[in-house]
Amino acid sequence: MTDTTWDPTKPILEIENLSISFFTRLREIPAVMDFSCSVMAGESMGLVGESGCGKSTVALAVMRDLGKNGRIVDGTIKFKGRDLTHMGEEELRHIRGSEIAMIYQEPMASLNPAMKIGAQLAEVPMIHQGMGRDEAWNLARQIVADVRLPDPDRILQAYPHQLSGGQQQRIVIAMALMSKPALLILDEPTTALDVTVEAGIVDLVKDLGHKYGTSMLFISHNLGLILDVCDRLCVMYSGEAVETGDVIEVFDKMRHPYTQALFRSIPLPGADKNSHPLVAIPGNFPLPHERPKGCNFGPRCDYFQDGRCNAAEVPMFPVPGDDRHATRCIKWTEIDWDAPMTLKASKPKTPIGKVVLKMEDLRKYYSVSSGAFGGGSAKVVKANETLSFEAREGETLAIVGESGCGKSTFAKVLMGLETATSGSILLFDENVQSTPIQQRNTNTVSSVQMVFQNPFDTLNPSMNVGRQIIRALEIFKQGKSDAERYARMLELLDLVKLPRAFADRMPRQLSGGQKQRVGIARAFAGGAKVVVADEPVSALDVSVQAAVTDLLMDIQRENKTTLLFISHDLSIVRYLSDRVMVMYLGHVVEMGTTDQVFQPPYHPYTEALLSAVPIADTKVIRKRIVLEGDIPSAMNPPPGCPFQTRCRWKSQVPGGLCDIEMPPVQVLAGGHQLKCHLSAEVLAAMEPVIQIAAE
Amino acid sequence: MNTELLSWGQIIARILQQFLPVWIALIITFTVSIRYKRKLGLYGKLFDSPVGMVGFLLVMFWVFTAIFADFIITLDPIAQFGRVKNPLPGTPLVDPKDGQYAYFLLGGDHLARDVFSRVVMGARRVLTIAPAATTFAFIMGATLGLPAGYFGGKLDTVLSFLANLVLAFPVILLFYLLVTPEIRNTGIPVVLAAVLFIFPVIFFCTLFNSRFFTNPPKRNLYVGITLVIGLWAYFGLAFNLDPLGVWSMDPNLLNVFVSVVFVNSPTVFRIVRGIVMDLKARDYVAAGQTRGESAWYIMLWEILPNARGPLIVDFCLRIGYTTILLGTLGFFGLGVSPESPDWGSTIDDGRKLLSLYLHPAITPALALMSLVLGLNLLADGLREESLKD
Amino acid sequence: MLKFVARRLGVMVLTALALTFVVFYLTNLPPNLEKLARTEGSVRMTDQAVADWIVGNGHGGSVFGRYAEWIGIAPGWTLTDEKGVTRGRCIAAGSDPAAAPNYCGVLQGEWGFSTVFKKPVLESVLQKLGSTGWLMMWVMIVMVPVSLIMGVLSGMREGSRLDRSLSIIAIATTATPEYVSGVILVAIFASATAGISPILNEWGWISGRTLFLGTATSAMDGITFWNFALPVLTIALYGIGYIARMTRASMTEVMTQQYIRTARLKGVRFRDVVLKHALRNALIAPFTVIMLQFPWLLNGVVITEALFNYKGFGWTLVQAAGNNDIDLLLGCSVVAVLVVLVTQLISDIGYVFLNPRIRLA
């Protein structure tokens with residue numbers, strides 16, 4: 001199907017001055033403006049930016065699938081020299097799936113639930129190559145083996161819901177590769193997956209890209225992932241490409257203030273909440289119809305110069321010397337890019353006080369009936385097994401783990417939404433393990449509060465912000481009169497650095513970061529002493545993450561709050577926590593101070609987790625440890641050590657102990673705890689996963 | 001005395017003239033609404049959708065007709081005029097008294113009653129019973145559906161079983177069993193009414209208590225007012241025991257009303273339960289739980305307001321469905337007095353001579369159809385607009 | 001799977017018992033029995049005589065006991081009067097009481113005797129059910145394909161002109177209950193004075209006075225297009241709109257799913273996207289809806305049979321209720337409840353088969 005007129009030394013995809021708008025009843029909303037980029041054969045191009053920057057719109061425009069309201073207003077998209085923007089439906093259909101294929105964020109949603117995997121895969125060559133059914137199924141079998149799925153025959157006969165998330169994403173990749181496309185578009189392909197599963201997928205994509213010589217357009221918000229996968233990247237901000245070039249060059253010699261600010265706001269190794277705090281980007285992402293004149297980043301930029309930056313639209317300036325490096329900054333030659341970042345005053349370390357929370361041997365079992373209709377025998381899910389730890393005043397304890405590790409159950413038990421099966425929880429020396437929240441007194445309830453993960457869910461959409469905070473004050477018996485509570489509410493808004501006018505706003509008028517701030521204000525309404533933060537920033541954009549984390553840290557310093565920070569993101573955990581607890585399938589596998597956990601000896605799971613997290617720093621050298629398979633279901637945990645099915649150190653334990661026996665907790669120097677059968681010698685010989693190359 | 005029939009042109013002109021108050025009211029409503037549509041939330045958005053606007057127009061036409069019915073009717077809807085059966089549209093009255101309207105605008109029925117006036121008065125009847133019955137069905141469905149969806153478990157199993165029981169009952173059979181003159185003697189309708197009508201009182205008391213229990217004086221005030229008005233109305237409507245005689249319901253009507261509420265509430269129950277099961281996993285619900293809110297506060301103040309979109313749409317559809325049900329009852333001559341200008345019973349009266357005289361049946365049939373169509377279009381418009389942006 | 005069916009069956013039996021009990025209770029209320037006594041005995045009976053008649057014919061005692069007798073799980077009542085004649089539920093008039101069976105309820109096939117038709121209930125119900133069966137069959141044949149096609153066509157391109165017009169038609173038909181559409185259909189097609197018949201007659205296109213027949217009584221003997229089309233259309237119209245809207249909603253939802261986009265961006269032809277990828281997923285919801293429509297289709301059947309004077313099941317129900325024929329009404333209820341429950345079971349099982357996500361391992 002290769003077009004003979006196309007010269008392989010020319011770019012395979014060439015986008016020039018592309019502008020895309022969405023048309024609503026009220027107005028035209030420009031989503032992408034003046035976007036240009038080119039992808040050469042075999043090259044992988046990263047598109048990076050925060051949500052709403054237009055990166056996915058570009059991808060859909062390449063597929064010419066912008067929906068009813070979206071339209072390409074200007075510019076061209078040339079694929080192998082042919083302009084896609086003026087192509088008819090029938091011609092497009094021949095290109096889609098055969099020459100350009102796409103992989104999406106939600107693997108489950110992108111597979112047809114009522115069709116067998118095999119049929120969905122075989123369809124592609126049957127449409128495009130006119131292949132016969134049997135031949136197509138054989139090809140499907142071969143490609144399923146290529147994406148390293150076990151037992152391809154069984155998988156071909158399965159329905160999507162019978163596979164795990166990781167397996168589904170491999171199938172989506174297989175589907176995209178069925179007719180060996182020249183260009184593969186990946187739209188956040190791993191965002192919905194756990195980190196250790198993500199690592200496997202990323203490896204697979206890289207390998208297959210090389211094997212088939214496919215060019216890639218890789219869309220992600222994660223700079224670390226882009227560094228892992230791509231050769232070149234294009235940073236987007238508010239509908240425009242602001243900087244583009246070779247990955248290494250852009251990472252090391254960025255020439256746009258936004259790129260620089262982005263790197264300063266993500267927690268890289270070396271950042272520390274006290275001595276090297278993150279620098280958040282001030283302000284908010286502009287709404288598409290409220291973009292400023294001139295440079296879109298102007299209002300948030302440290303180098304902003306009135307009358308120049310906001311005078312006229314800024315074109316792309318090539319950066320000489322580098323390979324196709326360009327920036328959309330009018331002042332890029334004037335800024336001293338190597339100047340060290342002006343440090344915010346480093347903050348004093350919060351003193352750690354007395355123990356406020358102590359859990360001992362906590363267990364939480366659920367009994368679930370299996371089968372869709374309640375038939376079958378009831379199964380016991382061990383969501384938490386023998387959890388013991390203590391947390392002190394002013395301390396940040398991070399709880400790390402992937403889906404199904406029991407961290408959310410733990411939070412529920414602590415909050416009193418569920419009661420523990422056994423064990424004890426001592427909160428300020430009061431025993432609360434079997435007291436459900438309705439029976440706890442107001443004091444206890446108001447002193448343990450929670451900050452939730454999803455900013456779009458955390459506030460009641462039909463109640464204004466002020467009311468929601470006042471309600472918390474009423475429940476916590478704060479203030480004597482309505483007026484007093486109103487005043488206290490305004491103070492709380494000040495505390496989370498939101499304008500007082502927000503009291504009358506509805507949640508839908510707030511951005512994600514602002515909602516999360518309101519959530520924090522609400523949690524502190526009753527002067528909370530212990531705050532459980534369940535992935536409070538994972539759904540936020542990187543530039544906002546830093547600001548929200550900072551806010552949490554500031555409030556903690558001021559109020560000596562104990563923060564239980566639940567997260568799967570090890571970068572942020574390293575940045576802000578004092579102690580870390582790593583959980584896997586309901587078990588605490590490792591616990592210690594941040595330094596202990598992030599340095600060898602590791603628990604084998606921690607080691608894999610550390611290696612799996614992509615780091616956006618070219619100086620960091622990471623050992624690649626890719627775990628096989630998926631996280632086992634908590635309904636059906638493996639015998640012996642919970643991690644034994646995926647552990648690469650298993651062979652070092654004599655006597656197959658891992659298969660049979662639950663490992664004991666080893667206490668190493670400094671109170672560092674590991675739940676592992678590995679001997680002290682083996683542990684001592686472990687090498688660090690992350691090393692920072694000497695400059 | 002004249003014996004000339006009016007021409008169709010004259011009839012239409014005269015009918016349009018009779019509806020004058022309705023036209024004025026409609027013009028005012030639409031001008032004001034369209035001018036301020038950006039400030040009116042979902043209601044305002046309705047005027048962006050042609051379908052919704054047409055639906056709203058039809059519904060409001062009948063609403064205003066019901067309101068101004070006394071000015072619109074030409075003749076007494078219950079009285080009989082002359083001995084000629086089924087006079088054709090435009091027939092003059094045999095010997096009109098002074099000041100009496102001189103024509104059967106849309107003809108007369110088999111008892112020589114004026115069809116036009118009966119249909120107009122019928123609108124008032126339908127538009128008081130149907131929305132009221134639907135409201136009661138919603139309150140009952142919500143009061144039971146909220147805990148069933150929120151708590152799940154045994155409570156849900158039992159309530160869902162009961163709801164499915166009512167749903168599995170063929171509606172017509174239920175009506176034949178429930179809406180009979182004999183059953184009134186047994187007191188079953190009163191018992192049912194006693195159960196159904198207590199729900200609004202419980203609902204509003206819980207609503208205010210869960211919200212204001214932190215502020216006892218305010219709580220006592222609200223709950224007190226609810227109890228006074230609620231119980232006063234309750235005893236009046238269910239047992240006809242209102243000492244002041246403000247609240248009362250004709251036993252016939254009570255029977256019909258109770259049956260209609262009874263048939264409608266299980267569907268509402270299922271809808272509410274479904275929405276609650278979806279919404280209870282939201283973080284703001286968890287936030288309420290972690291600050292120790294009562295289950296009823298969470299259900300009534302955190303979950304219910306966020307379920308309003310689909311519920312409003314269903315409310316419109318359900319008024320239409322209730323209208324159809326009331327018509328069905330009338331069609332079978334169940335529970336409504338034979339004199340009443342009810343649309344359903346008028347159709348039933350007219351159908352017997354359908355192949356000879358169309359007009360007595362077709363006018364109420366078209367009236368009922370246009371009202372239900374309007375409600376359906378309105379619901380469709382609301383649904384579409386609430387899904388947009 | 002077996003376990004699931006067994007559970008469903010259990011719930012079904014429980015539902016059937018509860019529903020029939022409610023019907024039994026409501027039909028055997030004292031006022032109904034008094035009315036029965038006066039129609040069976042004489043209108044001028046004294047109150048005392050009425051009470052005696054009720055007790056003497058086995059209608060005394062607790063309602064639970066009588067219900068159990070009627071179902072056939074308790075022995076039928078027997079009474080020996082002063083003259084030494086033993087009568088009882090299970091004893092046919094003039095037969096030997098000793099030879100009569102102990103149990104004679106619905107389960108034993110003894111459905112009682114209809115006072116209106118002067119025939120055993122089971123016989124008349126089954127016969128009438130047959131007539132209605134034909135009606136329902138034609139309704140299904142018309143309604144299901146038309147509504148599904150309408151729904152799929154309008155749902156596959158939401159907001160298109162085709163969608164808008166089909167949706168309006170669907171909404172219009174759901175807004176038209178059977179007693180309205182029946183009247184309008186008769187007015188247009190079967191009226192000697194209005195609609196198209198007089199015109200056709202004038203032109204000499206039809207020999208009779210009307211194009212279609214305004215009643216379906218003749219269809220009892222032989223179904224023809226001219227006597228059956230209007231009743232079938234009357235029932236089908238209301239259902240068409242409802243099912244078409246369900247299908248449309250389900251189809252539009254499916255069409256916005258990611259996997260449809262995946263299919264489109266695989267290069268699948270639009271026709272195949274609809275037929276191979278969307279259809280099966282989109283039909284899961286309407287299938288259940290169609291099956292659950294039965295209790296409500298029965299409504300339409302009753303109205304239409306009354307309107308067109310077609311002597312089927314619905315007509316029988318009206319007669320039974322109107323004439324206080326308790327046994328017949330009970331018989332009709334049992335049939336109605338059973339039909340509804342069986343369709344629900346079919347709907348549940350069908351759902352499991354259509355939806356691979358919940359297929360049991």
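Order of the sequence lines fixes the chain letters, A, B, ..., with proteins taken first and strands second; residue numbering starts at 1 for each chain.
- With a threshold of 4.5 angstrom between heavy atoms, B:Leu167 approaches chain C through N, CA, C or O but not through any side-chain atom.
- Considering only heavy-atom pairs separated by less than 4.5 Å from chain B, the leading option among C:Ala336, C:Gly182, C:Ser181, C:Ala187 is C:Ala187.
- Between chain B and the residues C:Asn324, C:Ile171, C:Val337, C:Ile184, the largest count of heavy-atom pairs under 4.5 Å involves C:Ile171.
- Only the side chain of B:Ile347 comes within contact range of chain C, with at least one heavy atom under 4.5 Å from a heavy atom of that chain.
- A donor-acceptor pair under 3.5 Å is formed between the side chain of C:Thr252 and the backbone N or O of C:Ala249.
- Using a 4.5 Å cut-off between heavy atoms, B:Ser370 does not touch chain C at all.
- Comparing C:Leu298, C:Thr174, C:Val23, C:Leu341 by how many heavy-atom pairs each has under 4.5 Å with chain B, the most go to C:Val23.
- Each of C:Asn309, C:Asn299, C:Leu329 has some count of heavy-atom pairs under 4.5 Å with chain B, and the biggest count is that of C:Asn299.
- For C:Val339, no part lies under 4.5 angstrom from a heavy atom of chain B.
- Side-chain N/O atoms of C:Thr132 and C:Trp315 include no donor and acceptor closer than 3.5 Å.
- Residue contact with chain B, scored on non-hydrogen atoms closer than 4.5 Å, involves the backbone and the side chain of C:Leu14 alike.
- Not one N or O on the side chain of C:Glu178 forms a donor-acceptor pair closer than 3.5 Å with the backbone of C:Thr234.
- Identified by a heavy-atom distance below 4.5 Å to chain C, the contributing residues of residues 312-322 of chain B are B:Leu317, B:Tyr321, in residue-number order.
- With chain C as partner, the option from B:Thr328, B:Ile362, B:Leu377, B:Val171 having the largest number of non-hydrogen pairs under 4.5 angstrom is B:Thr328.
- Side-chain N or O atoms of C:Glu305 include one that pairs as donor or acceptor with a backbone N or O of C:Phe313 at under 3.5 Å.
- When each of B:Asn164, B:Leu173, B:Leu165 is checked for heavy-atom pairs under 4.5 Å with chain C, B:Leu165 comes out on top.
- Shortest non-hydrogen contact noted between B:Pro364 and B:Pro360 is CD-O, 3.2 Å.
- With a 4.5 Å cut-off on non-hydrogen atoms, C:Leu19 touches chain B through its backbone and its side chain both.
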Next item on the list: Step by step, work out the ring-ring contact (aromatic ring centres under 6.0 Å, His included) result for B:Tyr176 and B:Phe332.
Entry: CA-CA 9 Å; B:Tyr176 261 121; B:Phe332 286 109; 5.6 Å; yes
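- Using a 4.5 Å cut-off on side-chain heavy atoms (C-beta onward), C:Tyr67 and C:Thr20 make contact.
- Of the listed residues B:Ala379, B:Gly327, B:Gly374, the one with more heavy-atom pairs under 4.5 angstrom with chain C than any other is B:Gly327.
- Contacts between B:Phe175 and chain C at a heavy-atom distance below 4.5 Å are absent for every atom of the residue.
- A donor-acceptor contact shorter than 3.5 Å is absent between the side chain of B:Asp348 and the backbone of B:Gly344.
- Between atom CE of residue C:Met150 and atom OG1 of residue C:Thr247 there is a gap of 9.5 Å, rounded to the nearest 0.5 Å.
- Taking OG1 of C:Thr304 as the start and CG of C:Leu135 as the end, the distance is 7.0 Å to the nearest 0.5 Å.
- The neighbour count for C:Tyr25 OH, taken as heavy atoms of other residues, nucleotides or ligands under 6.0 Å away, does not exceed 12.
- Of the atoms belonging to B:Val51, it is side-chain heavy atoms, and not backbone ones, that fall under 4.5 Å from chain C.
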Please report, to 0.1 Å, the donor-acceptor pairs under 3.5 Å made by any side chain of residues 239-246 of chain C, with sequence neighbours excluded.
| residue | atom | partner | partner atom | Å |
| --- | --- | --- | --- | --- |
| C:Arg245 | NH2 | B:Asp380 | OD1 | 3.1 |

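- At a 4.5 Å heavy-atom cutoff, the contact between C:Gln344 and chain B is made by side-chain atoms alone.
- The most heavy-atom pairs under 4.5 Å with chain B, out of C:Thr343, C:Ile303, C:Thr173, C:Leu26, come from C:Ile303.
- Note that CG of B:Leu326 and CG of B:Asp342 are 7.0 Å apart. Values are rounded to the nearest 0.5 Å.
- A salt bridge does not link C:Arg157 with C:Asp163: every distance from a Lys NZ or Arg NE/NH1/NH2 to an Asp or Glu carboxylate oxygen is 4.0 Å or more.
- With hydrogens and angles ignored, the 3.5 Å screen pairs no side-chain donor or acceptor of B:Asn264 with any backbone N or O of B:Thr134.
- With respect to chain B, the highest number of heavy-atom pairs below 4.5 Å among C:Thr27, C:Val22, C:Val318 belongs to C:Val318.
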